[in-house]
Each structure stands twice: as C-alpha cells, then as structure tokens.
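Single-structure report; data block below.
Just so it is clear, the model here is predicted, and its values are computed rather than measured. No hydrogens, no waters, no symmetry mates; every other heavy atom, side chains included, goes into these values.
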Amino acid sequence: WGWGDLSGDGGWTDGAAIVVSGSRDTTVAIWEVTPPPGGWGGPNSKVSFAKGGGLGQQPRRILFGHNDAVTCVAASAELDLVASGGADGAVLLHTLRTGRHLRTIRPANTSSSASSSSGAA
C-alpha cells in the first residue's frame, strides 16, 4: 500500500484529514480521518483513536483506472489532485474532490505515451 496524507480543508468535515491509499486490487481509496475530541494535540502528543475519531468505515471515494497494483500515491488538496502510479508503469491523475479522471500517462515504450480522458471514475 502507498499512503499520502492531506491535512486541512478539502471540502470535508471540519478538522478532518484525508488519507489516500493505493492497493494491489488496482484501486485508489480516499479516506476521511476524523480527529478525536479535542483535536490531534500538540507536537509531542501521540495520535490515538481510543478517545474517539478515526478512519471512516468506508472510503469517501474509490478511483479506478490502473491495470496492475497501485504502488504509490500522492495528493494535494490545494491543487485538487491525486496522482497514482501502478506496477505497469502508468501514472493516473484524478481530481481529489470529485474523483474525475484527468489523464493517464504511460511509459514511452508502450503503444501510446499519453492519453487523456474526461470520463468520471
């Protein structure tokens, strides 16, 4: 699994953080993490979900498009962008807020080096 952590406002609930994960099942999941009551604490505090808060039971969004395992993810709330890389060498770009597929970039040694799609995932 690859993990990317986004903190701050992304159109999610107040104070939530966003975690993006990639999977061997070829999907990318966007999760909302709710802080425990009282917030995350100071810089020397341990993060604990025992007092409440935590990862949602279901992802907020699941992104599709890879043909092989997702090996890395990165996301930016400011750019409204999720980038994911697969074992097949493809890099997919989706919007963070809506999950819309923006572009697939493939290695130069394949039949098409880059393609674009406006289809939603």
Side-chain angles (χ1 to χ4, degrees):
W1 289 69
W3 293 88
D5 181 23
L6 295 174
S7 298
D9 178 32
W12 316 97
T13 60
D14 291 337
I18 303 302
V19 175
V20 178
S21 63
S23 176
R24 290 182 294 232
D25 74 358
T26 73
T27 63
V28 173
I30 301 173
W31 303 85
E32 183 174 352
V33 182
T34 306
W40 296 110
N44 297 325
S45 299
K46 291 184 178 180
V47 174
S48 171
F49 297 121
K51 299 176 183 174
L55 190 65
Q57 291 186 4
Q58 297 290 324
R60 289 289 300 251
R61 212 166 284 349
I62 298 177
L63 310 178
F64 299 92
H66 284 282
N67 295 322
D68 205 342
V70 177
T71 57
C72 58
V73 296
S76 169
E78 183 178 343
L79 297 175
D80 187 30
L81 187 67
V82 175
S84 56
D88 61 357
V91 175
L92 274 66
L93 302 175
H94 288 86
T95 61
L96 176 63
R97 288 175 184 86
T98 67
R100 184 171 61 91
H101 178 253
L102 299 172
R103 182 171 296 267
T104 298
I105 304 166
R106 300 198 186 282
N109 61 353
T110 61
S111 61
S112 89
S113 60
S115 63
S116 179
S117 171
S118 61

Donor-acceptor under 3.5 Å ([X] side chain, [Y] main chain):
| X | Y | answer |
| --- | --- | --- |
| H94 | F64 | yes |
| T95 | D80 | no |
| R97 | A77 | yes |

Nearest heavy-atom neighbours spanning [X] and [Y]:
| X | Y | answer |
| --- | --- | --- |
| P107 | A90 | CD-N, 4.2 Å |
| G85 | H66 | C-CE1, 3.7 Å |
| S76 | L96 | O-CD2, 4.1 Å |
| S21 | W31 | OG-NE1, 3.1 Å |

Nearest-0.5 Å distance, CZ of residue R60 to CD of residue Q58: 12.5 Å
Nearest-0.5 Å distance, CZ of residue R103 to CG of residue L81: 11.5 Å
Which of these, L63, T26, V91, L92, sits in a side-chain contact (heavy atoms from CB on, under 4.5 Å) with S84? L92
Quick one: do V70 and V82 end up in the same hydrophobic cluster if we chain Ile, Leu, Val, Met, Phe, Trp and Tyr together by side-chain heavy atoms under 4.5 Å apart? yes
